[in-house]
Amino acid sequence: MPPQHVAVIGGGLTGLSAAYRLAPKAKVTLLEASNRVGGWVGSPKQHIKFTTPSGEQVEGDVTLESGPRSIRPKGLSAASMLKLTSPAARNRFIMNNATGKLMAAPTSPLALLSPKTPAPIRELLLGVMKEPFRRNSPASADDESVHSFFLRRFGPKVAATASAFVHGIYAADPNTLSVRSAFQMLWDYERGSGSLVMGMLKGDKAGKARELEAWKECGAWGERRKNWAMYALRGGMSELTDRLAQVCQERGVEIASGTRVERITPINTSIGSIDADHVIAAVTPRHLSSIASSPLPHLIANRSTTVGVVNVVFPLPPSQVHPDGFGFLIPASDANRAGVLGVIFDSTALPGTEVPELEGKITKVTAMMGGPYWSSYKTGGSVAPIPSKEELSEIAVNYLRTVFPHLASVDPILTKANLQVDCIPTYAPGHGSRMRELHEAIQNGPWQDKLSVGGSGYGGVSVNDCVYSGEILADAVGEKTGLERWKDWN
């Protein structure tokens, strides 16, 4: 018999998505320790007012994202909730650490022939061309770090450049991140075709078919998204979490924010005891470890990274601040004293998301900082203590002026720093094996049919991943652990 009362612990993207899907089928209680739902998603509005050099008075509310801000154009049933979306700019840049200049990420192998192509980009393309002729991993290897994988498949120069992309997704040290768990498709390409390049050329026909089917759920959006790199929400990503919470309540979900769970089985909260047939734990594995009355393996095996997010608004149109594009990422370097991982050009990456009064008249950028550069995470090399929010703002503005010297005479009209502590998990090598053992422990132990887990701590850190995790948990509540993708890992 399906559970009649399900308790969802955690009101982030995964917990909200699970509650949303469950509500028509069972009584649902969502328990969130903080005073707001949404998890790492945050889109506060702030009023700005300034006068342009021509004397025009500009005024309006600007949206500042403190967490995720875009969605990949993949099948996502929650897309039906989107009010308005905007395609992201496709131009991407990488910082050349040797020159301090931005390099356009290659969009074609023909860039190899251009004398204007910077040396690191030519080396990247050459590494890709040579990759099919490099040796495969040893047959006994079941996982390795991202750095080791790229070093083996592409060589040291490409591996160094690839660290920028790890910074952009996981804010992690590629030496400590599992390639098989973080980028499983790359691992599968090598194992299945002997080469990443050959595997990509062959493609995944079955996967493409599933994706096309998923997009049929989205109606007209499924056609419109074909030319998009990403999309965003007018009003910010909180539009999604706020709408999810609203519909959950309309469907009868009891949302208890400010409610801290002390222990589960049964769920003892800070306001009393709740009896539920099933628990969906949409919190971090480490958090689950602290509240589970019966121990489970490997919940504290991975570290998480802390990221400083600094929103900066300049009183200039984007064309007067930076090149048109999504932003730039920075390869790992001990010389990066500012600890900046990358910069997002919000105004051109996600055009059309500002109110009409501000669109095209301001430039909004976001500096991502910290991660492997801060002492809370890195185990070797040059480390720095975590700065205060005031220090973060100063470091970010100074760094932007270093990259774009013409900003030295331009004061930002707004800066806002957020410190997201332990916000992104680092899946250490062997993560898949550990998740398989955790799946077996839930499936065969005292938690059988009583507990399922989901969220970024187990696999997948994107908005899509978190929403999809909640949907899977809800659609098979009481039947799955949430870790089925790992059950055949070997």
Side-chain angles (χ1 to χ4, degrees), residues 1-33 37 39 77-78 181 244 248 253-256 259 261 263-269 274-302 425 427 431-432 434-461 464-489:
M1 181 178 178
Q4 300 301 299
H5 183 192
V6 179
V8 179
I9 306 175
L13 277 166
T14 299
L16 285 169
S17 298
Y20 166 78
R21 298 278 284 208
L22 271 171
K25 299 182 291 186
K27 177 184 177 181
V28 181
T29 303
L30 189 150
L31 305 164
E32 166 57 42
V37 296
S77 61
S181 297
L244 279 170
C248 280
V253 174
E254 179 187 356
I255 298 180
T259 303
V261 175
R263 210 73 172 157
I264 58 175
T265 310
I267 303 178
N268 295 308
T269 72
I274 295 176
D275 293 319
D277 303 316
H278 188 87
V279 176
I280 292 178
V283 292
T284 67
R286 193 171 290 270
H287 185 178
L288 176 59
S289 174
S290 70
I291 62 175
S293 59
S294 180
L296 289 164
H298 308 308
L299 292 176
I300 61 173
N302 292 328
Y427 310 131
H431 177 73
R434 292 190 292 273
M435 292 301 96
R436 184 195 67 231
E437 293 173 7
L438 176 59
H439 164 74
E440 292 168 352
I442 296 175
Q443 188 177 50
N444 302 319
W447 295 103
Q448 183 181 14
D449 302 330
K450 298 295 183 183
L451 174 70
S452 52
V453 299
S456 63
Y458 303 94
V461 300
N464 301 52
D465 294 326
C466 292
V467 170
Y468 186 58
S469 175
E471 291 184 356
I472 286 187
L473 292 174
D475 291 347
V477 65
E479 300 174 5
K480 293 186 177 182
T481 68
L483 301 172
E484 276 67 23
R485 64 171 285 195
W486 311 101
K487 66 185 179 67
D488 297 322
W489 191 278

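- When side chains are defined from C-beta on, L451 counts as touching L296, because their heavy atoms get closer than 4.5 Å.
- Contacts of Q443 classified as side-chain contact (heavy atoms from CB on, under 4.5 Å), with partners at least two apart in sequence or in another chain: H439, T481.
- Residues passing the side chain to side chain donor-acceptor pair (under 3.5 Å) test with H287: none are found, sequence neighbours excluded.
- Remark: T29 engages H5 in a side chain to side chain donor-acceptor pair (under 3.5 Å) (not counting sequence neighbours).
- D277 is linked by a side chain to side chain donor-acceptor pair (under 3.5 Å) to nothing, counting only residues two or more places apart in sequence or in another chain.
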Check: residues 452-461 side-chain donor-acceptor pairs under 3.5 Å, at least two apart:
| from | atom 1 | to | atom 2 | distance (Å) |
| --- | --- | --- | --- | --- |
| S452 | OG | H278 | NE2 | 2.9 |

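- With sequence neighbours left out, the side chain to side chain donor-acceptor pair (under 3.5 Å) criterion links R436 to no other residue.
- Here P297 pairs with L438, A441 under the side-chain contact (heavy atoms from CB on, under 4.5 Å) rule; sequence neighbours left out.
- Scored by the side-chain contact (heavy atoms from CB on, under 4.5 Å) test, V253 finds A19, A23, V28, L30, C248, I255 as partners (sequence neighbours excluded).
- Taking 4.5 Å as the limit, every side-chain heavy atom of W447 sits out of range of all side-chain heavy atoms of V279.
- Rounding to the nearest 0.5 Å places OG of S17 at 11.5 Å from CD1 of I472.
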List the steps and the verdict of side chain to side chain contact (heavy atoms under 4.5 Å, CB included) for I274 and L31.
-> CA-CA 10 Å; I274 295 176; L31 305 164; 3.8 Å; yes

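- W489 is linked by a ring pair (Phe, Tyr, Trp, His ring centres under 6.0 Å) to W486, counting only residues two or more places apart in sequence or in another chain.
- In this structure a side-chain-to-backbone donor-acceptor pair under 3.5 Å is missing from E437 to M435.
- Proximity of a side-chain donor or acceptor of K25 to a complementary backbone N or O of A474 within less than 3.5 Å is detected.
- When atom types are taken as modelled, the side chain of S293 and the backbone of I264 share a donor-acceptor pair closer than 3.5 angstrom.
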